[in-house]
Amino acid sequence: MKTLQDILFPRAATCLYCQHPRKAVWPGGLCPDCLEKLEENRPGENVCPRCMTPLDDEGKCLFCLQKAMGPLQYAYAPFRYKTVARHLILQLKFHYQDDAAPLLAQHMLPLIPSGKFDALVPVPLHKRKERFRGANQAEILCQLLSPKAGLPVLTPLERTRYTRPQKNLTPSQRQKNVRDAFTLTTPVEGLHLLLVDDIRTTGATARECARALLRGKAASVSLLTAAIATRDDEK
Ligand SMILES: [Zn+2]
Ligand SMILES: [Zn+2]
């Protein structure tokens with residue numbers, strides 16, 4: 001059913017970022033200026049080959065040095081969690097705009113190495129949160145990526161513990177908050193899996209998912225997110 005909101009503000013009538021009235025020729029919902037700004041959210045050339053985190057001035061990856069990858073083999077992300085990319089992810093998470101998901105998926109797709117993975121696995125939300133939000137943003141991204149990447153979507157993980165939002169917790173609190181929060185519900189033995197989520201911050205959630213999958217004898221687990229948030233980016 002159409003709401004008054006839908007009629008007054010039809011889907012993507014404006015640029016997803018600056019609200020400039022939309023022209024039909026714009027691909028993906030951003031005006032040319034904002035598309036250029038989105039390119040500035042790329043992690044850049046100087047990134048860690050394992051996790052794509054921008055390297056510090058001494059050429060070190062703090063994320064890997066802090067062992068934040070845990071059992072994850074690789075982590076991929078097209079953007080840092082800043083300006084336009086951050087805005088698109090918030091749109092995706094809270095379903096303000098349906099166009100944000102395909103745009104993010106379009107930029108995540110080229111990062112999936114061909115022939116390396118057997119399936120995509122969305123990081124699950126707790127059932128209660130999923131009901132509240134209406135859908136899991138990680139699963140939306142998986143469904144968009146799946147046909148183009150030629151990989152099936154598996155949902156072998158269940159979030160069995162209701163966890164506090166990670167947002168305002170310190171790294172060690174985040175780790176404690178998600179410990180043993182995930183249970184394996186279907187077999188994954190021998191599979192190379194690519195976890196998918198919207199954003200990677202401390203990596204605590206992805207590490208716990210990877211641990212649960214590896215307890216089920218998955219062959220390897222890597223992570224693909226739409227963005228990487230460093231402590232600076234989140235401010
Ligand atoms: Zn714009
Ligand atoms: Zn790294």
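These numbers come from a predicted model, not from an experiment. As the structure lists them, so they are numbered: ligands from 1, and atoms in each ligand from 1.
The distance cut-off of 2.8 Å around the Zn ion (ligand 2) captures these protein N, O or S atoms, sorted by chain and number: Cys48 SG, Cys51 SG, Cys61 SG, Cys64 SG.
Applying the side chain to side chain donor-acceptor pair (under 3.5 Å) test to residues at least two apart or on different chains, the pairs with a partner in residues 59-70 are Glu58-Lys60.
Salt-bridge check for Lys37 with Glu40: failed, with every basic side-chain N at 4.0 Å or more from each acidic carboxylate O.
Relative to the six-membered ring of Phe63, Arg200 meets both conditions, a distance below 6.0 Å and an angle of at most 45° to the axis.
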Go through it in stages, so that I can follow the logic: the residues are Thr205 and Asp197, the test is side chain to side chain donor-acceptor pair (under 3.5 Å), and I'd like the CA-CA distance, side-chain angles, deciding distance and then a yes or no. CA-CA 10 Å; Thr205 305; Asp197 208 353; 5.8 Å; no
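Considering only heavy atoms from C-beta on, Ser146 stays 4.5 Å or farther from Leu151 through its side chain. Between Leu194 and Ile112, some side-chain heavy-atom pair lies under the 4.5 Å cut-off.
Judged as a salt bridge (charged side-chain N to carboxylate O under 4.0 Å, His left out), and not counting sequence neighbours, the contacts of Asp198 are Lys93.
For the Zn ion (ligand 1), the count of nearby protein N, O or S atoms, meaning those under 2.8 Å away, is 4.
Listed for the Arg207 side chain is no donor-acceptor partner under 3.5 Å among the backbone atoms of Met69.
By the neighbour-count criterion of 12 heavy atoms within 6.0 Å, atom NZ of Lys116 is densely surrounded, having more than that number from other residues, nucleotides or ligands.
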